[in-house]
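Scroll down for the structure; my scribbles are underneath it.
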Amino acid sequence: MFYQALIFAPLLGAIIAGFGGRKLGDKPSMAITTGLLFLSAILSWIAFAKVGFQHEATQISLFRWMDVGDFKANWALKIDTLTAVMLVVITTVSALVHLYSWGYMEEDPSKPRFFAYLSLFTFAMLMLVTADNFIQMFFGWEGVGLASYLLIGFWYKKPSANAAAIKAFVTNRVGDVGLALGVMTIFFVFGSVNFDTVFGAIQNNNNDVQNLTLPFLGMEFNAIELIAFLLFVGAMGKSAQFVLHVWLPDAMEGPTPVSALIHAATMVTAGVFLVCRAFPIYEAAPVTSGFITVLGAFTAFFAATVGLVQNDIKRVIAYSTCSQLGYMFFAAGIGAYNAAMFHLFTHAFFKALLFLGAGSVIHALHHQQDMRKMGGLWKVVPVTYIVMIIGTLAITGVGIPGTGNIGFAGFASKDFIIESAYDAGHGGSAAGAFAFWAGIVAALMTSFYSWRLIFMTFHGKHRGKKKYLDEAHESPLVMTIPLGVLAIGALFAGFFFYKSFVYGANGFWDHSLPVGEHAEIAARNLYAAAGTTASDANYSGGHSYPGWVLWAPFIVSLLGFVIAWFTYMYKNGVEKRINAEGGPIYNFLLNKWYIDEIYDATIVRATKFLGDVFWKIGDIGIIDRFGPNGVAAAAMAGARRLSKFQSGYLYHYAFVMLIGVAVIVGLVARTVGG
Amino acid sequence: MLENMPILSLLIILPLLGALVLMAMARFSRNSTGEARAQLDKNATGVALLISVGVFILSLLMVFQFDSTTADFQFVERVEWLGGGIEYHLGVDGISVLFVLLTAFLTPLCILASGKSIEKNMLDYMVTFLIMEAIMIGVFCALDLILFYLFFEAVLIPMFILIGVWGGKERVYASYKFFLYTLLGSVLMLAAVLWIYFYGQSELGVATTDIVRLQTLDIPAKAQTWLWLAFFASFAVKMPMWPVHTWLPDAHVQAPTAGSVILAGILLKMGGYGFLRFSLPMFPDASVKFTPLIFALSVIAIIYTSLVAYRQKDIKKLIAYSSVAHMGFVTMGIFAVNAQGIQGGIFQMLSHGLISGALFFCVGVIYDRMHTREIAFYGGLVKRMPIYAFFLMLFTMANVGLPGTSGFVGEILTMVGVYKVNPWVAAGAALGMILSAVYALYLYRAVIFGEPTNEKLADIEDMNRTEIMVLAPLAIFVIILGVYPSLITDVTAVSVDNLIANFNAAIGQGS
């Protein structure tokens with residue numbers, strides 16, 4: 001019952017607060033959901049210790065879900081190290097966010113609903129990571145999408161929030177279609193959707209499945225590559241990778257605790273988790289893995305460029321998240337799955353910290369989110385300031401180069417990713433080399449926009465209303481305590497768990513992840529250069545990598561800080577900068593490469609246009625006109641009604657449409673038949 | 001206990017008896033007015049509700065007695081009837097038994113929901129409804145071709161009356177359009193039925209309209225083609241499949257709430273049931289031949305009508321178009337002719353019966369209050385109607401096919417099934433997953449979210465107890481079936497496997 005309690009406690013909380021919130025009142029609903037989440041978090045850390053360090057991985061089957069012919073899937077709880085890592089990330093951040101929301105949502109009239117949604121989200125996320133088959137994973141996958149939709153649109157009176165919620169859901173659905181088709185292909189090839197069966201078949205190369213080709217949409221594909229690609233399309237949606245990233249920045253319309261929990265620490269990492277969970281598929285799919293590497297690296301770069309110029313404090317962090325997810329993906333793409341998971345783990349702490357810190361600032365300033373109207377806040381909100389500095393040091397990867405883990409959380413994981421990419425590139429992978437350079441450049445930009453955020457928010461003169469500054473105050477304890485806890489994570493998560501994650505020390509991963517080829521090389525080099533062996537913890541300095549590889553991330557990080565300082569601190573720079581803003585490159589970046597505009601002009605418009613054409617011309621103009629109304633006209637009965645539709649506009653297109661319809665039916669029937 | 005009872009006949013006769021009682025009531029109080037009239041209406045609703053609940057309990061007992069380990073027809077009743085081999089022959093198997101249950105489940109909810117919203121001739125309305133229930137159950141129980149045909153066509157009459165008498169402003173046009181479409185199908189199907197009757201007589205040496213025996217006929221491929229098309233004309237209109245779907249939005253818009261529920265919940269399913277009971281078993285070769293056509297029309301239906309749904313200004317029209325799209329999953333699944341496809345198709349029909357029924361009830365809730373279905377009229381309802389917002393969200397998500405609701409199970413099963421046969425079709429249908437989210441969330445946002453700007457909505461009231469009683473059971477089943485679909489698939493499995501085995505044997509023989 002241990003794991004059942006862990007997983008279902010948040011669901012129980014969601015049900016109680018959701019249905020009983022009105023009767024129970026605000027405080028009891030909040031106390032129940034938060035309490036159950038803390039219970040879940042404590043159990044998760046116990047589980048993490050049991051599974052990660054005592055190797056007590058387990059699998060619990062609850063009951064049948066799908067059972068039709070050979071299509072079978074159970075409701076199950078699969079707990080291995082990979083899952084356990086996710087469990088602690090999800091429940092820890094979620095519990096802290098629940099607590100934080102006591103303060104942040106203080107004045108909101110519908111608190112029970114908010115807490116119910118948060119808990120519901122947590123449950124869906126837990127179901128996602130404990131699945132033992134692709135169908136249950138899909139349940140969690142879409143479940144978190146629902147919760148995300150509800151929470152982005154939580155302030156339902158705001159049109160922008162509603163639009164963002166729909167955008168998030170629909171964009172995710174585009175990815176989900178890929179995921180669903182991937183799952184169908186898996187079932188078609190393996191006759192099963194169970195992880196163990198599918199992965200086993202690939203690893204043993206049953207029936208030479210690794211060389212099986214499939215016809216799909218008119219082309220021949222390697223079956224495993226096709227599956228890997230389709231699954232990754234799902235990951236692109238959920239984890240906001242380039243092309244399907246557009247929803248994430250808009251999702252910031254939701255309350256800030258939501259951004260921290262869902263759109264930074266947990267849900268958006270589901271795509272990374274998917275790729276890691278399905279690593280046997282990706283190991284057998286080198287082409288797709290290369291694609292993931294390139295796309296991840298590009299996203300890391302792209303999102304960072306946009307982050308450089310945003311003025312909304314939450315959007316800066318949102319693009320930063322997008323960019324960091326890119327790092328995780330290219331790590332997974334080059335086979336360093338453990339590096340991806342390590343960064344996922346540390347990122348959860350420092351990114352949730354940054355978001356909640358930003359929330360604390362926003363809370364202090366009467367919901368002001370524009371950094372141009374901030375400044376000089378460090379004296380007013382000192383605790384927030386300190387934790388934000390810690391978060392920034394973590395994300396910019398400050399640490400002692402060459403030591404591996406002596407530094408802030410982001411140092412340990414990000415440098416490990418960059419080194420793995422270097423290895424992959426050095427080993428002949430062009431994608432790896434690209435990822436390495438993109439990673440370095442993105443690290444420079446990360447440092448710049450992160451320090452820019454700090455300088456614009458906390459330093460210089462206050463640029464907003466003086467009244468607000470005077471009224472501003474440090475957040476209450478319910479908000480600063482979670483910040484403190486996350487700050488501890490941002491400080492030490494890298495240092496403490498480095499050997500387990502990177503090196504799989506003492507069998508940490510226990511076959512749930514390979515300590516992959518590149519990852520292994522990276523780790524081995526690190527230790528070998530230090531003249532020690534893997535099991536020897538007392539290594540220090542030195543390295544078989546060229547020194548510049550180890551120092552590059554550190555140097556660009558420092559460089560980013562210096563540029564940001566000169567731009568925004570030196571001689572009252574912020575105001576000068578704000579006034580000088582402009583120019584084509586600036587606007588290009590500020591408008592996010594105009595990707596939203598492009599989508600609006602093409603996909604959104606086309607959808608509406610087609611809908612109108614099919615309705616007004618297809619249904620009314622053709623089918624009705626020549627069908628029932630035509631008959632009616634002949635019988636004189638419906639003549640009057642028909643005249644309503646006889647505008648010149650319709651006549652004009654009716655003929656074209658008729659031919660169009662005939663062609664469509666013919667083509668579809670042919671392809672389908674062929 | 002039940003074995004010796006003619007339970008299927010009881011299911012048909014009970015509502016008819018109820019209708020008779022109500023007619024008697026009407027006769028004795030024709031001239032009553034005012035208070036007495038109101039009391040009479042109330043009593044009529046009570047009687048109808050009592051009867052329909054009785055039917056539901058009886059059908060539930062039947063399902064509990066049903067043996068799902070055999071593909072044989074059960075609770076069979078067989079009486080010589082019209083002569084010439086035409087019998088009164090009833091029975092249910094795994095394919096039909098749950099449709100009987102669905103009918104018996106939805107009818108009392110409809111009657112409950114109609115209590116307040118029907119403003120004239122309540123007694124006649126209830127009579128119509130009970131008669132319709134009897135006929136619908138008859139459709140799913142009939143094992144005689146002629147008997148089936150009679151039920152299948154007769155069910156339209158109460159529906160015409162429902163729309164024509166209690167419908168909206170444009171009801172005449174709507175019922176006319178509905179009639180015209182179905183007439184086309186009916187005529188062709190009747191011709192096919194007659195052909196089969198005579199062919200069966202010459203082949204089997206004895207005149208019979210026994211569906212079970214007729215299914216063993218080996219009809220020449222060429223004849224199959226024409227017969228298949230004739231039946232298809234009728235079933236495709238009923239489903240409805242693109243491009244013979246345009247009667248549905250009009251019919252829905254004009255029908256009273258409960259009429260829409262039955263239309264979407266039961267009547268549409270008769271087309272799918274027809275494909276399973278006749279097209280596949282009797283005309284297997286033609287079915288194989290026309291599978292590409294069905295697939296093409298299904299995919300077009302899913303994409304085309306979803307896009308059209310997105311542009312609707314009328315809530316009911318939007319949901320009606322979405323129904324057409326969802327029926328596309330059914331047809332595509334059925335003609336995949338494998339376990340996942342067909343069971344998924346059946347599941348999708350049952351699930352859609354619950355979901356679309358619930359959605360039309362939801363429309364009824366606000367229509368009763370505001371007397372308009374215009375999307376733009378509404379907005380910000382969540383503020384005044386949180387319970388309503390919750391139910392509509394649940395059914396919207398079910399309609400979108402969110403995992404955990406029954407909508408997902410039907411969609412994923414049919415897609416998995418059809419993928420095995422043709423990945424193109426599965427991919428096309430998967431696009432529907434995106435589009436359904438687009439139109440459903442657009443509707444939800446426009447009606448529920450935003451600032452409540454319309455002054456007329458200022459004191460709209462949330463759902464009352466009756467309305468919650470109607471929607472809560474639907475919500476519960478949508479979730480239960482979404483989490484534990486085996487409740488359905490365990491019942492359908494054996495009969496569907498048997499159908500597939502016979503089908504494969506038939507096309508293997510190559511007639």
Side-chain angles (χ1 to χ4, degrees), chain A residues 63-71 75 135 138-139 141-143 146 149-150 153 156-157 159 162 165-166 169-170 173-174 176-177 180-181 184-185 187-188 215-218 607-608 610-612 614-615 618-620 623-624 627-628 631-632 637-638 641 661 664-665 668-673, chain B residues 173 176-177 180-181 243-244 246-247 292-293 295-297 299-300 304-305 307-312 338-340 343-344 380 382 397 402-404 408-409 412-413 415-416 419-420 422-427 430-431 433-435 437-438 441-442 445 448-451 483-486 489-490 493:
Chain A
F63 56 91
R64 279 191 302 166
W65 187 16
M66 303 280 178
D67 183 6
V68 176
D70 43 357
F71 187 69
W75 294 104
I135 305 293
F138 195 74
F139 165 82
W141 194 268
E142 291 233 300
L146 168 68
Y149 162 81
L150 292 171
Y156 55 83
K157 286 183 189 167
N162 291 325
I166 293 181
F169 195 91
V170 172
R173 269 264 158 148
V174 175
D176 293 357
V177 165
L181 285 171
M184 288 180 232
T185 313
F187 178 67
F188 180 71
F216 184 75
L217 307 192
T607 307
K608 290 183 176 170
L610 280 177
D612 282 336
F614 288 155
W615 175 30
D619 271 19
I620 299 174
I623 298 174
D624 277 357
V631 176
R641 204 166 298 280
V661 169
I664 291 170
V665 176
V668 176
R670 249 191 79 133
T671 20
V672 165
Chain B
Y173 174 64
Y176 151 77
K177 206 168 171 182
L180 210 63
Y181 267 114
V244 288
T246 64
W247 62 270
L293 174 74
F295 281 172
L297 294 181
V299 171
I300 292 174
Y304 177 108
T305 51
L307 286 166
V308 175
Y310 177 44
R311 302 306 286 166
Q312 296 309 305
N338 52 39
Q340 291 84 27
Q343 291 206 57
V382 63
M397 282 300 155
L402 197 83
F408 170 70
V409 181
I412 194 76
L413 285 177
M415 285 195 290
V416 163
Y419 188 101
K420 288 184 180 173
N422 192 324
W424 274 98
V425 180
L431 280 183
M433 284 174 56
I434 304 172
L435 296 172
V438 172
L441 296 183
Y442 147 73
R445 174 192 175 178
I448 299 294
F449 289 148
E451 202 70 72
V483 175
Y484 194 72
S486 299
T489 54
D490 282 351

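Since the structure is predicted, the reported quantities are computational estimates derived from the model, not experimental observations. Here is how names work: the chains are called A, B, and so on, in the same order as the sequence lines, proteins then strands, and each is numbered from 1.
- In this structure, the portion of B:Q343 lying under 4.5 Å from any heavy atom of chain A is its side chain and not its backbone.
- Taking B:G450, B:A427, B:A437 one by one and counting their heavy-atom pairs under 4.5 Å with chain A, the maximum is reached by B:G450.
- Comparing A:L146, A:D176, A:L150, A:L610 by how many heavy-atom pairs each has under 4.5 Å with chain B, the most go to A:L146.
- Note that CE of A:M184 and CD of B:Q340 are 12.0 Å apart. Values are rounded to the nearest 0.5 Å.
- Of the listed residues (B:V382, B:L431, B:V244, B:I412), the one with the most heavy-atom contacts under 4.5 Å to chain A is B:V382.
- What you find for A:P159 and B:R445 is that their closest heavy atoms are O-NH2, 3.3 Å.
- The part of A:W75 that comes within reach of chain B is its side chain, from C-beta onward, which places non-hydrogen atoms under 4.5 angstrom from that chain.
- In terms of heavy atoms, B:V483 sits closest to A:W65 at O-CD1, 3.1 Å.
- To the nearest 0.5 Å, atoms CZ (A:R64) and CG (B:D490) are separated by 4.0 Å.
- With a 4.5 Å cut-off on non-hydrogen atoms, A:F71 touches chain B through its backbone and its side chain both.
- For the set B:A426, B:A430, B:G344, B:A309, the count of heavy-atom pairs under 4.5 angstrom toward chain A peaks at B:A430.
- Both the backbone and the side chain of B:M415 come within less than 4.5 Å of a heavy atom in chain A.
- Residue B:A493: no heavy atom, backbone or side chain, is found under 4.5 Å from chain A.
- The six-membered or imidazole ring of B:F408 lies near that of A:F138, with a centre-to-centre distance under 6.0 Å.
- Remark: A:Y149 pairs with no residue by the side-chain hydrogen bond (donor to acceptor under 3.5 Å, both in side chains) rule, at least two apart or across chains.
- Chain B forms more heavy-atom pairs under 4.5 Å with one residue of A:D67, A:I135, A:V174 than with any other, namely A:V174.
- Ranked by non-hydrogen atom pairs under 4.5 Å with chain A, the options B:A339, B:P423, B:S486 are led by B:S486.
- The pair A:D619-B:K177 fails the salt-bridge criterion, with no side-chain N (NZ, NE, NH1 or NH2) lying under 4.0 Å from an Asp/Glu carboxylate O.
- Residue contact with chain A, scored on non-hydrogen atoms closer than 4.5 Å, is absent for B:N338.
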Next item on the list: Begin from the C-alpha positions of A:F614 and B:R311 and carry the test side chain to side chain contact (heavy atoms under 4.5 Å, CB included) through to its verdict.
Entry: CA-CA 10 Å; A:F614 288 155; B:R311 302 306 286 166; over 6 Å; no
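- Ranked by heavy-atom pairs under 4.5 Å with chain B, the first of A:N162, A:V170, A:I166 is A:N162.
- Heavy atoms only, all atoms of each residue included: A:E142 and B:P403 are closest at OE1-CD, 3.1 Å.
- Contact annotation for B:L402: both backbone and side-chain heavy atoms come within less than 4.5 Å of a heavy atom of chain A.
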